[in-house]
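Worth knowing before you read on, the calculation uses all heavy atoms, side chains too, and leaves out hydrogens, waters and symmetry mates. Please read all numbers here as calculations on a predicted model, not as lab measurements.
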Amino acid sequence: LVASFKLSAQDSKFHLGIRFAPNIAFTRVEDVESGDRISYETEGAGVRYSAGLTGEYFIGKTFAVYSGIWYNVQKAGVKVSDESGTPKISGTSIHNLQYVQVPVGFKLVTDEVGTDIKLYFVVAGTLGLKINEKEKEWNTNEIKVGESDLKYRKPGAGNGYTYFDAGLLLTAGIEYKLSESNSLFVGLSYNRGLTEIQSKKGPFNTGQDAGDSFKVRAALLSLEVGIK
């Protein structure tokens, strides 16, 4: 699953690698209107993945500017429970959101803590551009008489979530020297979404701005593995 190469010798300031990271994707849902008898909450976590290139430019022995370009898949799952009328309405929306994601930040690598072993830490911001939005599940228990009679409707293909996402990436891991020109790295990373990702329609289109009722942000806990 993981292969990589390095552009130049071990003492080069620039290191290029390939990273694969299965993740647990969380949907953080904030219910804005608490007294309207309509509640929105997360549908739960799901296993997704991220893969792509990493780049490091060292400006000292242990300190580097860190970036890359990744293909990232994350789950967006929201549930609604509406007790404002009779009968009670409940619904579930699950989408796969596919992003091209770019991290930009800094990396710290320690001196050897064991034979050919170093620790590393990354602090970075992430910018994501949505390239696809795939519906995995969407349902409510509303009885359909006509499309205009429904309170909750599908937002339309690709219209449930915004095209941009920004977050904070924190990573800690271990590098193991394989040869003079290659190292294996394994780490645990947490990417916390800072921006709201629901569109105005949102995953449940009610004809009103979804952000007035609930806000959706993402979070990813990943195990990253790669070679540089």
Side-chain angles (χ1 to χ4, degrees), residues 1 20-51 70-84 87-101 126 128-142 150-172 187-206 208-225:
L1 294 175
F20 177 76
N23 63 57
I24 300 176
F26 302 91
T27 308
R28 296 153 47 219
V29 180
E30 176 188 354
D31 190 351
V32 177
E33 295 288 343
S34 58
D36 59 358
R37 302 187 68 192
I38 303 174
S39 63
Y40 294 89
E41 61 183 5
T42 180
E43 190 277 333
V47 177
R48 302 295 189 267
Y49 72 94
S50 172
W70 303 336
Y71 170 73
N72 185 39
V73 183
Q74 63 190 48
K75 174 185 175 181
V78 181
K79 295 193 297 185
V80 60
S81 178
D82 185 340
E83 298 181 356
S84 62
K88 173 183 174 181
I89 300 172
S90 60
T92 299
S93 169
I94 302 175
H95 289 78
N96 272 355
L97 305 181
Q98 301 171 24
Y99 291 91
V100 173
Q101 189 176 63
T126 57
L129 172 65
K130 189 183 74 174
I131 57 175
N132 194 22
E133 177 183 320
K134 185 176 181 181
E135 178 189 310
K136 303 295 289 183
E137 179 183 343
W138 196 98
N139 64 74
T140 73
N141 64 347
E142 278 193 277
L150 293 176
K151 184 174 183 178
Y152 300 97
R153 303 182 299 277
K154 289 187 178 183
N159 293 324
Y161 295 90
T162 61
Y163 281 92
F164 296 97
D165 187 22
L168 174 66
L169 176 69
L170 302 174
T171 304
L188 187 67
S189 68
Y190 178 64
N191 190 355
R192 185 176 181 84
L194 301 178
T195 56
E196 301 168 21
I197 60 172
Q198 82 283 346
S199 67
K200 285 190 175 183
K201 290 183 178 180
F204 298 101
N205 181 15
T206 63
Q208 300 176 346
D209 190 334
D212 293 337
S213 299
F214 63 97
K215 302 181 186 300
V216 181
R217 296 178 178 89
L220 301 175
L221 181 64
S222 306
L223 176 66
E224 67 172 24
V225 182

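- One finds the NZ atom of Lys130 at 9.0 Å from the CD1 atom of Ile197 (value rounded to the nearest 0.5 Å).
- Screening Glu196, Glu33, Glu30 against Lys215 for a salt bridge (Lys or Arg N to Asp or Glu O under 4.0 Å) leaves a single residue, Glu196.
- Side-chain contact between Val32 and Asp212 is absent, with no heavy-atom pair separated by less than 4.5 Å.
- In this structure, CD in Glu135 is found 7.0 Å from OG in Ser93, a value given to the nearest 0.5 Å.
- Each of Thr92, Ile89, Ile38 was compared with Val80 under the side-chain contact (heavy atoms from CB on, under 4.5 Å) criterion, and only Ile38 meets it.
- Contacts of Trp138 classified as ring pair (Phe, Tyr, Trp, His ring centres under 6.0 Å), with partners at least two apart in sequence or in another chain: Phe204.
- With rounding to the nearest 0.5 Å, the separation of CZ in Arg48 from CG in Asn72 is 11.0 Å.
- Closest heavy-atom contact between Ser189 and Leu169: CB-CD1, 4.0 Å.
- Residue Phe26 is tested with Thr42, Leu221, Leu220 for a side-chain contact (heavy atoms from CB on, under 4.5 Å); the sole match is Leu221.
- Contact annotation: the side chain of Tyr152 approaches that of Thr206 to within less than 4.5 Å [non-hydrogen atoms, C-beta and beyond].
- Side chains of Ser222 and Asn191 form no contact here, defined as non-hydrogen atoms less than 4.5 Å apart.
- Proximity of Glu43 to Glu137: side-chain heavy atoms (C-beta onward) are nowhere separated by under 4.5 Å.
- Interatomic distance, OG of Ser90 versus CD of Glu142, reported as 10.0 Å (0.5 Å rounding).
- Between the side chain of Thr126 and the main chain of Gly167, a donor-acceptor pair closer than 3.5 Å is present.
- Here the straight-line distance linking atom OG of Ser199 with atom OH of Tyr163 works out to 9.5 Å at 0.5 Å rounding.
- By the side chain to side chain contact (heavy atoms under 4.5 Å, CB included) test, Ala210 is found to be paired with Gln198, Phe214, residues two or more places apart in sequence or in another chain being considered.
- Distance NZ/Lys154 to CG/Asn139: 9.0 Å, rounded to 0.5 Å.
- Proximity of Tyr40 to Val216: side-chain heavy atoms (C-beta onward) are nowhere separated by under 4.5 Å.
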